[in-house]
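Taking it in order: structure first as structure tokens, then the write-up.
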2 protein chains.
Amino acid sequence: MAKTNKNQDTEGQILNAAESVFQKKGMDGARMQEIADEAGINKAMLHYYYRSKQLLFEAVFSNAFSLLAPQLNKILNDDSSIEDKVKNFTHNYITFISKHPYLPNFIIQELNRNPKFFEKIQQNAAFPTLEKFKNQVNEEVEKGILKPIDGEQLFVNIISLNIFPFVATPLIKGFLKIDDKAFKKMMEERKVSVSEFIINSIKK
Amino acid sequence: MAKTNKNQDTEGQILNAAESVFQKKGMDGARMQEIADEAGINKAMLHYYYRSKQLLFEAVFSNAFSLLAPQLNKILNDDSSIEDKVKNFTHNYITFISKHPYLPNFIIQELNRNPKFFEKIQQNAAFPTLEKFKNQVNEEVEKGILKPIDGEQLFVNIISLNIFPFVATPLIKGFLKIDDKAFKKMMEERKVSVSEFIINSIKK
DNA sequence: TTATGGTTTAACCATTTGGTTAACAAAGAT
DNA sequence: ATCTTTGTTAACCAAATGGTTAAACCATAA
């Protein structure tokens, strides 16, 4: 930064505030004034640093996505067996999301609003790819380690089981008639029960 | 209706247009003018029939929810075995949602925005409850038909596997690098593969 | 025919909202 | 010291938006 930086990182404060507001209310529901208030600064500063609501939003979105991507890379591109991958991913992912509960819904929602964001993000270096995972599933099926299953379907199943409860939290709380504490307990149990559920289904 | 009803159901046209716009853009993103345009009528009519954006939205939301609820009742409150329930629900649900792809995301999104909507809806008569399903799972586990599993966890797994791909369609298309046609084909396959996946996991 | 009352429209209104501007403050740089 | 660049603010602006109003429309009953 060639900037004089008289302040103590106003730019960062803005990004934090924007993250909080955008993730809770989405692009359409978020208000620039609310972000400014939460950052404790003048609204004009938002435009000084980020030009427009759109650009500020994109900064937040990229940031959020680059938090999630490495999590996926774990299951897609390390060298352990499918069984270990499922166990590790499920445990790590649920732990991670419990700390960032707004993240998955935010990304899914905004991707629905504008599917072209995906391409924008995809150019990122560490972008996860499915090839290795699919090959590995095929191998383990051939070796007789796994029952016959399509790698893509398995991938969709894994992320569905892990992510959905965090995306649909109010729905699940409602149907199960449980409060926040019980929900957290249930997610804690899922760190194990989900991987058991998957392994049970695919292991020969 | 004590109304003269000179028109051919303007009220219905409004509701249809509102459904389409709200489900695509959400409460915050939807514009009253856009709804009026899509209905082919004057904006003032929206207020004439529904008073406010909020009330129009609630009409759409209730409507949407009462489409989904009976689908869930099928798995929760009929008399077939768990295995048959899983098979039927998976097949029926994916078939149903393929015809209303915006529905699950709309409901989940707006429930996230305002969790109190759940209570509002819950007073509905045909509201599904989990008790019977949980008892049935316990029974079949005791009888040795199913491996030990918690009914609530199983329920969450079932709806996760069925609903998530429709909520996160752009994400899945992106990771799998597939177009709309391939996505539809994949969902078609899931009508069978998801229930196999679940049954494999829980059946003794 | 003409009153009546629900229905429909164009024009209007107040507020909200993203964004701009001009003036000012705080650091360097010269 | 003063000049220049960067950071910050209050006041302002134009457009968009949800909502209102008053007049017109039109089917029907008296």
Side-chain angles (χ1 to χ4, degrees), chain A residues 1-63 106 109-110 113-114 116-117 120, chain B residues 1-63 106 109-110 113-114 117:
Chain A
M1 310 258 165
K3 286 178 179 172
T4 324
N5 240 10
K6 156 177 73 180
N7 67 80
Q8 356 79 306
D9 198 16
T10 304
E11 197 170 339
Q13 280 176 253
I14 293 175
L15 200 65
N16 284 343
E19 224 168 274
S20 162
V21 173
F22 275 131
Q23 289 188 15
K24 281 178 202 151
K25 311 223 166 156
M27 171 66 164
D28 291 330
R31 296 290 158 248
M32 293 298 265
Q33 187 60 59
E34 191 182 352
I35 295 174
D37 290 347
E38 185 145 331
I41 49 135
N42 189 288
K43 182 166 68 90
M45 296 298 281
L46 304 183
H47 294 95
Y48 180 75
Y49 282 103
Y50 292 91
R51 294 272 311 271
S52 69
K53 188 185 185 186
Q54 179 66 21
L55 287 174
L56 177 54
F57 173 80
E58 284 176 22
V60 170
F61 187 83
S62 298
N63 224 36
F106 170 67
Q109 195 47 33
E110 300 305 327
R113 225 177 43 90
N114 184 2
K116 286 180 184 168
F117 271 140
K120 215 169 225 165
Chain B
M1 308 261 166
K3 287 176 182 174
T4 326
N5 239 10
K6 155 179 69 179
N7 68 77
Q8 356 79 304
D9 199 14
T10 305
E11 197 170 339
Q13 280 176 253
I14 292 176
L15 201 65
N16 284 343
E19 225 168 273
S20 161
V21 174
F22 275 130
Q23 289 187 15
K24 280 178 204 154
K25 312 226 168 155
M27 171 67 165
D28 291 330
R31 297 289 160 246
M32 293 298 265
Q33 187 59 59
E34 190 182 353
I35 296 174
D37 290 347
E38 184 145 333
I41 51 138
N42 189 289
K43 182 166 67 92
M45 297 297 281
L46 303 182
H47 294 95
Y48 180 75
Y49 282 103
Y50 292 92
R51 294 271 310 273
S52 69
K53 187 185 184 185
Q54 178 66 22
L55 288 174
L56 177 55
F57 173 81
E58 285 176 23
V60 169
F61 187 82
S62 298
N63 225 35
F106 171 67
Q109 195 48 31
E110 301 305 326
R113 226 178 41 90
N114 184 4
F117 272 139

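Chain A is the first sequence line, chain B the second, and so forth, proteins listed ahead of strands; every chain is numbered from 1.
Side-chain atoms of Asn42(B) lie closest to dA10(C) of the nucleotides dT7(C), dA10(C), dG7(D).
Checking the phosphate oxygens (OP1, OP2) of dG19(D), no side-chain nitrogen or oxygen of Tyr48(B) falls inside 4.0 Å. In this model, the phosphate group of dG18(C) is approached by a side-chain N or O of Arg31(A) to a distance below 4.0 Å at OP1 or OP2. Look at Thr10(A) and you won't find any side-chain N or O under 4.0 angstrom from OP1 or OP2 of dG7(D).
The cationic group of Arg113(B) does not satisfy the cation-pi geometry with Phe22(B), failing either the under 6.0 Å distance to the six-membered ring centre or the 45° limit from the ring axis.
When rounded to the nearest whole Å, the span between CD of Glu34(A) and C1' of dG18(C) equals 15 Å. Going from atom CZ of Arg51(B) over to atom C1' of dT7(C) covers 18 Å, rounded to whole Å. Across the protein-nucleic acid pair, Leu46(A) atom CG and dT20(C) atom C1' stand 13 Å apart, rounded to whole Å. Spacing between atom NZ of Lys43(A) and atom C1' of dT21(C) amounts to 12 Å, rounded to whole angstrom units. The separation between Asp28(B) atom CG and dG18(D) atom C1' is 13 Å, rounded to whole Å. Whole-Å rounding puts the Met45(A) CE to dT20(C) P distance at 15 Å. Atom C1' of nucleotide dT17(C) and atom NZ of Lys25(A) are separated by 14 Å, given to the nearest angstrom. Distance Gln33(A) CD to dT15(C) C1': 14 Å, rounded to the nearest Å.
Counting only heavy atoms from C-beta outward, the side chains of Leu55(A) and Glu58(A) approach each other to under 4.5 Å.
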Report the C-alpha separation of Lys53(B) and Met27(B) in whole Å, then their side-chain angles, then the decisive distance to 0.1 Å, and conclude whether the side chain to side chain contact (heavy atoms under 4.5 Å, CB included) test is met.
CA-CA 9 Å; Lys53(B) 187 185 184 185; Met27(B) 171 67 165; 4.0 Å; yes
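DNA chain C is contacted by both Ala44(A) and Ala30(A); Ala30(A) maps to the nucleotide lying nearer its 5′ end (nearest heavy atom per residue).
Using modelled atom types and a 3.5 Å distance limit, the side chains of Gln13(A) and Asp9(A) yield no donor-acceptor pair.
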